[in-house]
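Reviewing the structure listed below.
Convention: sequence-line order gives letters A, B, ...; per-chain numbering from 1.
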Number of protein chains: 2
Amino acid sequence: MNKHQALSAGKAESLQQITDAAAQCFMAKGLEKATIDDIADVLGATKGRVYHHFRSKNAIYFAVHRQAMQYCFDAVEPVLKQDIPADEKLFRMAVAHAHVMMDTLPYQRSIRLGVDIYLRGPTTQAEREVLTELIEQRNGYENLFRDVLRSGKAAGTLDVPNVDLAGRAVMGALNGLVDWYRIRPDQSAADRAAIADGLAHTIIYGIKA
Amino acid sequence: MNKHQALSAGKAESLQQITDAAAQCFMAKGLEKATIDDIADVLGATKGRVYHHFRSKNAIYFAVHRQAMQYCFDAVEPVLKQDIPADEKLFRMAVAHAHVMMDTLPYQRSIRLGVDIYLRGPTTQAEREVLTELIEQRNGYENLFRDVLRSGKAAGTLDVPNVDLAGRAVMGALNGLVDWYRIRPDQSAADRAAIADGLAHTIIYGIKA
DNA sequence: AGACCAACATTCCCGGTAGTATGCTAACCT
DNA sequence: AGGTTAGCATACTACCGGGAATGTTGGTCT
């Protein structure tokens, strides 16, 4: 057993509390307007705690980004391993992705706020490397969808003239969730399932009668 | 003829130059990281010129936002007036919207950067009112699409169980353009047309074989 | 031709924020 | 038991950007 972790939460847990709070603040105020003090306030703590665990504000954002991607992978990869036709697989992946968007909303919104902003800023060399790592991670994730599109095209179950473009459309429709979805106390798991299924259906089958 | 406008560009033109530069900076650096000096630099001028025309940075953003919405309305409304079936109308509206996204990219990207950020900030009462006006403008625009979805549903040419959800999916797939589309010097009008048509086709007809 | 004003440029100030340096305390080790 | 260190809090600094005050210039009107 490590130090200081009998009563006081443990290191990994404390870290996640910080990223949770950060994701919340980023969603509420945007990347720049959210201050370290804001994050600390949510925790009922001060900057000291935050800077004890993270070198810089960018480092916090990177941690949030990485965690957000991890949530996505964890949700979609089980579907990938299923031995089902590509069209059905894509449908289930879309549903799973939509659920993750809603379940981890603060994290997923945070993703959209940064990325390209940090391409220009006076980021250090180390930060730039981490950033490219995050971009590659995201490309890898979207490639999971493109691969399924390709195999469905090859099998003849999917009609995809342009895989890249179709992939963009699919991801766009799904990721758009974080722009308009709002967490409401009166909504049930069934409501979220209806949203996820409805979105996936619209994407796969279109809206033409 | 007004003053000072024989050789030196004219007021309206000077205004548009500023919003153009602002949209460029917002796209490149984000809303907060883009400074007034950045905007002035793009113009080859100084803050004086900018602050002569705009009260605050927010005012600039509002002007950019309004102009961006205007571009959208101008592109889509002609299609709305056409006397064609709802499914075909929606297709053409989607194509028109996609073209506007690409043609006025800096403006459209700027839209995504702000909105909710300014919901919390220490904006004045006047600014808050302008903001709600912009939001209503955007809702009105998206309602154009929802209306067509509804009439297509009524006519039986569109299969839309949930109009709101389908509208979200359509707008999400189209607006996603501003996240991944990059202006390249070697791309022709035909390339952009292929993107617009391909996106619209995917949305209306889906990807199921 | 001289007053006048729009359209800028220059200069300065002040609030706010990322980051740092240091202080404090309670757990663990030996 | 006292030294050590993790895990914070407190106090402080340096800097940067928004916005305002003020200066400058060139065209216009009478």
Which is true for A59(B) with a 4.0 Å heavy-atom rule: it touches a base, it touches only sugar-phosphate, or it touches nothing? nothing
Is A34(A) touching bases, backbone alone, or none of the nucleic acid, heavy atoms closer than 4.0 Å?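 A34(A): backbone/sugar contact only, no base atoms under 4.0 Å.
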Could you give the distance from CG (L131(B)) to CG (N58(B)), rounded to the nearest 0.5 Å?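 Here the interatomic distance stands at 9.0 Å.
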Check the distance between [N]'s [atom2] and [X]'s [atom1] and give it to me in whole angstrom.
X      : N       : atom1 : atom2 : answer
E13(A) : dC8(D)  : CD    : C1'   : 16 Å
D37(B) : dT11(C) : CG    : C1'   : 12 Å
K33(A) : dT17(C) : NZ    : C1'   : 13 Å
N58(B) : dG17(D) : CG    : P     : 17 Å
F54(B) : dG18(D) : CZ    : C1'   : 16 Å
Y51(A) : dG23(C) : OH    : P     : 21 Å
E32(A) : dG15(C) : CD    : P     : 23 Å
I36(A) : dG19(C) : CD1   : C1'   : 9 Å

Going by the side-chain contact (heavy atoms from CB on, under 4.5 Å) test, name the single residue among L90(A), V170(A), L149(A) that passes it with V160(A). L149(A)
Can you say whether a donor on the side chain of K47(A) sits under 3.5 Å from an acceptor on the base of dG19(C), or the other way round? yes
Nearest listed nucleotide, side chain of [X], among [options]:
X      : options                  : result
A45(B) : dA9(C), dG19(D), dT17(C) : dA9(C)
T46(B) : dA7(C), dG18(D), dA9(C)  : dA9(C)
R49(B) : dG19(D), dG19(C), dC8(C) : dC8(C)

Counting distance only, does the side-chain N/O of Y141(A) pair as donor-acceptor with the main-chain N or O of V76(A) below 3.5 Å? no
Output yes when a side-chain donor or acceptor of N175(A) lies under 3.5 Å from a complementary backbone atom of G172(A), and no otherwise.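 Not a single qualifying donor-acceptor pair exists.
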How about CG on D83(B), more than 12 heavy atoms from neighbouring residues, nucleotides or ligands closer than 6.0 Å, or not? no
Which residue lies more 5' along DNA chain D, comparing R55(B) with G44(A) via nearest heavy atoms: G44(A)
Any [X] side-chain nitrogen or oxygen under 4.0 Å from OP1 or OP2 of [N]:
X      : N      : answer
H53(B) : dA6(C) : no
H52(A) : dC8(D) : no
S14(A) : dA6(D) : no

